[in-house]
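Since the structure comes first, as structure tokens, the remarks are kept for the end.
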Amino acid sequence: MLRAFLLKLSESKLLAAWVTSNARTRRMAHRFVAGETLEEAVEAARACNDARMLVSLDYLGENVATVADAQRARDAYLEVFDRIARERIDANVSCKLTQLGLDLSVEFCEGLVNSVVERAAAHNNFLRIDMEGSLSTQRTIDLAKRVRSQRTAVGTVIQAYLYRSEGDVKDLLVYGCRIRLCKGAYKESSEIAYARKKDVDANYVRLMQLLLASGMYHGIATHDPRMIAETIRFAAAKRIAKNQFEFQMLYGIRTDLQRMLIRDGYRVRIYIPYGKDWFPYFMRRLAERPANVIFFLRQFFRRS
Ligand SMILES: Cc1cc2nc3c(=O)[nH]c(=O)nc-3n(C[C@H](O)[C@H](O)[C@H](O)COP(=O)(O)OP(=O)(O)OC[C@H]3O[C@@H](n4cnc5c(N)ncnc54)[C@H](O)[C@@H]3O)c2cc1C
């Protein structure tokens, strides 16, 4: 119930305005968000690279309401790719389609995505299209397939909590699409998504096996030690080399596991979000783990 409540709150523009302008909550968000500027994101990326970790930079934003906002997001992504190349950081980029105008017009959004993927390709880099709530799933998959059939520098994300995901994985593999597998972070009804953790986990393992066995390079995104252990076990049993896939984790979460995997010779990519529009992302991280809420409430009410 707390998870559902926090995910509902994550959609509140009023709360977002208050939380993101409050100095104390802004400081607290730093646990999960590298900062509000590209400068800070680059610094965090460099620290990850120094620790032998790869990076995916995400310029935060979603559900834009105007063409101008979507174009601004496109420009920000073009700048990120140029900056990554200039700074020689080992990083790719993640974006959300509703930030690039998906809800305004699919054609318009696709135009912006194409220009970003073109820039990614020019730098020999890669754009990952994040997966959002289920209202966007089909449009995201269709758009990813269309863009992927023109250029290889794009991939997308599959959520293990959706019943439909096995079909989507098989469909995307036909297009040679590189996939990030995650459990799923949005509020979905039991008509379309597994509600129990044990069912989500079982599907995650099934999909992970499909991906690894495909012979393509995919991202296994999780902080769950059981999912990680299953992946390591499956890869070893099938003689899939450690450099034929990567683990992915979020900035600020389970840094112990991140270091352990690097030490054991696995590839680890850290998803580094930055930007002023961090509220929905921050709320999803709170929703994932009730202990985070208690921790942040304590921090908030503690007298300095
Ligand atoms: C790189 C990356 C990209 C992602 N991209 C997307 C996407 O495009 N679309 C989407 O819907 N979701 C995305 N997610 C989020 C994902 O769907 C899950 O909501 C999130 O990763 C938590 O699931 P888990 O696999 O870590 O397992 P869980 O079973 O939720 O957690 C396992 C353990 O991980 C730790 N943990 C997990 N979350 C937190 C947290 N917030 N704070 C502290 N500890 C935590 C805890 O120790 C927990 O016991 C992404 C996740 C990652 C790692």
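We count ligands from 1, going down the list as the structure has it; atoms in each ligand are counted the same way.
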Looking at every heavy atom in both [X] and [Y], which two are closest together, and how far apart are they?
X: T156; Y: M131; value: OG1-CE, 4.2 Å
X: N125; Y: A153; value: O-CB, 3.4 Å
X: V33; Y: P273; value: CG1-O, 3.5 Å

TODO: Check whether any heavy atom of K96 sits under 4.0 Å from an atom of ligand 1.
DONE: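 Distance cut 4.0 Å: K96 fails for ligand 1.
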- [ ] Using non-hydrogen atoms of the residue, decide whether R284 is closer than 4.0 angstrom to ligand 1.
- [x]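 No; R284 lies far enough from ligand 1 that no heavy-atom distance drops under 4.0 Å.
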Check: [X] N/O within less than 3.5 Å of ligand 1 N/O:
X: Q248; result: no
X: Y271; result: no
X: P225; result: no
X: Y161; result: no
X: G184; result: yes

Per-residue contact class, [X] against ligand 1 - non-hydrogen pairs under 4.0 Å:
X: N292; value: side chain
X: V157; value: side chain
X: M249; value: backbone
X: K197; value: side chain
X: E132; value: neither
X: R180; value: side chain
X: Y204; value: neither
X: E288; value: side chain
X: I253; value: side chain

- [ ] Tell me whether the centres of the aromatic rings in F245 and F247 are closer together than 6.0 Å.
- [x]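 Ring centres of F247 and F245 closer than 6.0 Å.
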Open item on the list: In this structure, is the centre-to-centre distance between the rings of F282 and F296 below 6.0 Å?
Closed with: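 Ring-ring flag for F296/F282: true, centres closer than 6.0 Å.
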Task: NZ/NE/NH1/NH2 to OD/OE distance under 4.0 Å, R180 and E246 - done: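 No, no charged N to carboxylate O under 4.0 Å.
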Open item on the list: One thing to verify: whether K183 and D201 come together as a salt bridge, which I'm taking to mean a side-chain N less than 4.0 angstrom from a carboxylate O.
Closed with: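 Yes, D201 and K183 are salt-bridged.
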Task: Derivation and outcome, side chain to side chain contact (heavy atoms under 4.5 Å, CB included), residues I141 and I158 - done: CA-CA 9 Å; I141 301 234; I158 286 291; 4.0 Å; yes
TODO: Can you pull out the closest protein heavy atom to atom 24 (P) of ligand 1? Residue, atom name and distance to 0.1 Å, please.
DONE: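 Its nearest protein heavy-atom neighbour is T222 OG1, 3.7 Å.
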Open item on the list: If I take atom OG from residue S165 and atom CG from residue D171, how far apart are they, to the nearest 0.5 angstrom?
Closed with: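 The CG atom of D171 is 11.5 Å from OG of S165, to the nearest 0.5 Å.
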TODO: For L2, look at atom CG and say whether over 12 heavy atoms of other residues, nucleotides or ligands are found less than 6.0 Å away.
DONE: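 Result for CG/L2: enclosed.
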